[in-house]
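Down below is the structure, laid out as structure tokens.
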Amino acid sequence: MKEGSAATSDGSLAVCVRFFALYREWAGEGKRYVTLPSGASVADLLATLRASPGLERLPFDTKVAVNLDYVGADHALQSDDEVALIPPVAGG
Amino acid sequence: MKEGSAATSDGSLAVCVRFFALYREWAGEGKRYVTLPSGASVADLLATLRASPGLERLPFDTKVAVNLDYVGADHALQSDDEVALIPPVAGG
Amino acid sequence: MTRSQDTRARTEGARLVGDRVAAVITHCPLETVPELRDIGSTADGAWLVFEGRVREENAGRRVRELEYSAYEEMAVKELRAMADEAVVRFDVGQIVAAHRIGRLEPGMASVAVAVSAPHRDTCYAASRWVIEQIKDRLPIWKRERYTDGSEDWVGSEEVQA
Amino acid sequence: MTRSQDTRARTEGARLVGDRVAAVITHCPLETVPELRDIGSTADGAWLVFEGRVREENAGRRVRELEYSAYEEMAVKELRAMADEAVVRFDVGQIVAAHRIGRLEPGMASVAVAVSAPHRDTCYAASRWVIEQIKDRLPIWKRERYTDGSEDWVGSEEVQA
């Protein structure tokens with residue numbers, strides 16, 4: 001667990017996951033709190049999410065932003081992170 | 001002399017020469033009528049003009065438009081042509 | 001209208017003052033974003049505004065309307081970051097980038113990028129670069145609704161397959 | 001205002017109707033040329049306006065004002081021909097090109113090119129091409145007057161040497 005992260009007392013961490021557009025439809029909601037083992041990475045979160053109903057098709061290479069910045073799959077999560085799943089963008 | 005040109009009765013041709021910007025300053029006027037031998041080209045006109053006061057520095061490769069179209073130095077002039085001498089352009 | 005924090009509405013007369021960039025995510029028509037027109041100083045010889053507009057047809061289907069949605073907090077931050085990076089990459093004066101969200105009909109502007117620069121080369125280059133960045137990574141999505149009643153998440157075809 | 005003959009002021013509502021190109025040589029501010037804004041149809045996803053503006057400095061000298069003059073009859077014909085050629089060369093919707101003549105001070109717009117197109121690639125390409133053509137061959141001249149009282153015909157240095 002990284003220094004400075006606010007872990008729960010049992011050593012796990014809780015993040016707020018935000019869903020947008022297609023992924024929001026799949027999730028059936030825009031926001032969900034997820035608890036993970038401490039030290040969990042973005043890839044771990046995606047694996048956990050893929051096991052929940054509607055999110056089976058979530059790509060392994062889903063783009064993810066943590067606290068408003070894009071991060072890679074091996075990025076270590078910390079408690080209270082806001083983790084956004086970013087479907088293929090279509091701005092412009 | 002080209003067919004269709006309105007030559008003067010003695011076989012010469014008269015054109016209206018227009019001066020702009022720097023060349024207008026050199027010429028001291030915006031417009032001048034010049035009479036040339038029939039069959040005269042743009043190059044002939046330029047040579048004639050270079051012999052007149054103020055226009056000695058008129059380049060041999062001066063850009064010329066006849067009746068609103070750019071033409072080359074060997075373009076044959078016809079009577080009543082409007083011949084414009086085009087200094088280096090600076091639009092934009 | 002969400003504006004990047006340190007460029008908020010500091011306008012004086014008809015000019016954007018001080019800041020060199022601004023980023024706007026808005027539910028309102030882009031015509032209502034004055035910064036898009038009021039850029040440039042007397043050091044700038046070139047001024048360029050690009051607008052992307054909703055087309056009545058996409059991939060052979062007649063479009064009735066689009067609905068843009070955004071991760072707003074991140075979109076305004078990213079848009080601002082793109083403009084900031086463009087100012088570093090190119091010799092430009094000011095850059096304002098704006099994206100509209102919500103429902104739009106064909107002919108309406110969804111995105112606009114305004115650039116002023118001393119010279120036109122960098123003005124065109126910076127404008128194009130910002131637009132490509134927007135298309136590439138701005139967290140905004142487009143629900144396209146067609147006249148035949150069907151609808152799609154544009155760009156998500158592969159993910160859904 | 002001199003307009004190319006077959007594009008004269010046929011506007012309906014806020015749209016330039018029918019013609020795909022227009023060319024304007026005018027003594028008035030370019031903001032007064034409505035065609036520059038009112039281009040594009042719902043087939044066009046891209047819209048781009050370039051403006052060239054008077055810079056306060058040129059080649060290290062402080063500019064007080066410029067005076068543009070033109071061979072007006074030819075300039076409007078050439079400008080129209082450039083826009084016509086751009087429509088053939090590029091896949092664009094409409095093009096409006098305008099050049100102001102007379103006295104201009106720093107910050108004022110001297111030239112503007114508006115292009116609408118189905119896609120942004122051709123929109124940028126056409127805009128840039130028209131501007132380069134204008135710089136290259138439009139019969140317009142620029143008398144630059146400096147704050148130190150001197151003045152010059154811009155671009156004619158070599159001819160005068």
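What you see is a predicted model, and the numbers here were worked out from it, not measured in a lab. The sequence lines fix the lettering, A, B, ..., with proteins before strands; numbering per chain opens at 1.
With a 4.5 angstrom heavy-atom cutoff, D:Glu158 does not touch chain B via any of its atoms. Of the two parts of B:Tyr23, only the side chain, counted from C-beta on, holds a non-hydrogen atom closer than 4.5 Å to a non-hydrogen atom of chain D. The part of B:Arg18 that comes within reach of chain D is its side chain, from C-beta onward, which places non-hydrogen atoms under 4.5 angstrom from that chain. For D:Arg143, the part lying under 4.5 angstrom from a heavy atom of chain B is the side chain only. With a threshold of 4.5 angstrom between heavy atoms, D:Ala81 does not approach chain B through any atom at all. Contact annotation for D:Tyr71: both backbone and side-chain heavy atoms come within less than 4.5 Å of a heavy atom of chain B. Contacts between D:Ser110 and chain B at a heavy-atom distance below 4.5 Å involve the side chain alone, from C-beta outward.
Against chain D, the residues from residues 85-92 of chain B that qualify, each with a non-hydrogen atom under 4.5 angstrom away, are B:Ile86, B:Pro87, B:Pro88, B:Val89, B:Ala90, B:Gly91, B:Gly92 in number order. For residues 124-132 of chain D, an interface with chain B (any heavy-atom pair closer than 4.5 Å) does not exist.
Atom CZ of D:Arg55 is surrounded by more than 12 heavy atoms from other residues, nucleotides or ligands within 6.0 Å.
Between D:Glu72 atom CD and B:Phe20 atom CZ the span is 9.0 Å, to the nearest 0.5 Å. Here the CG atom belonging to B:Asp69 is positioned 7.0 Å from the CD atom belonging to D:Glu78, to the nearest 0.5 angstrom.
B:Arg57 places no side-chain N or O within 3.5 Å of a backbone atom of D:Val159 that could act as its donor or acceptor partner.
Here the closest non-hydrogen pair linking D:Arg137 and B:Tyr70 is O-OH, 2.6 Å.
Interface remark: of the candidates D:Ser69, D:Ala112, D:Ser156, D:Ala75, D:Ser156 forms the most heavy-atom pairs closer than 4.5 Å to chain B.
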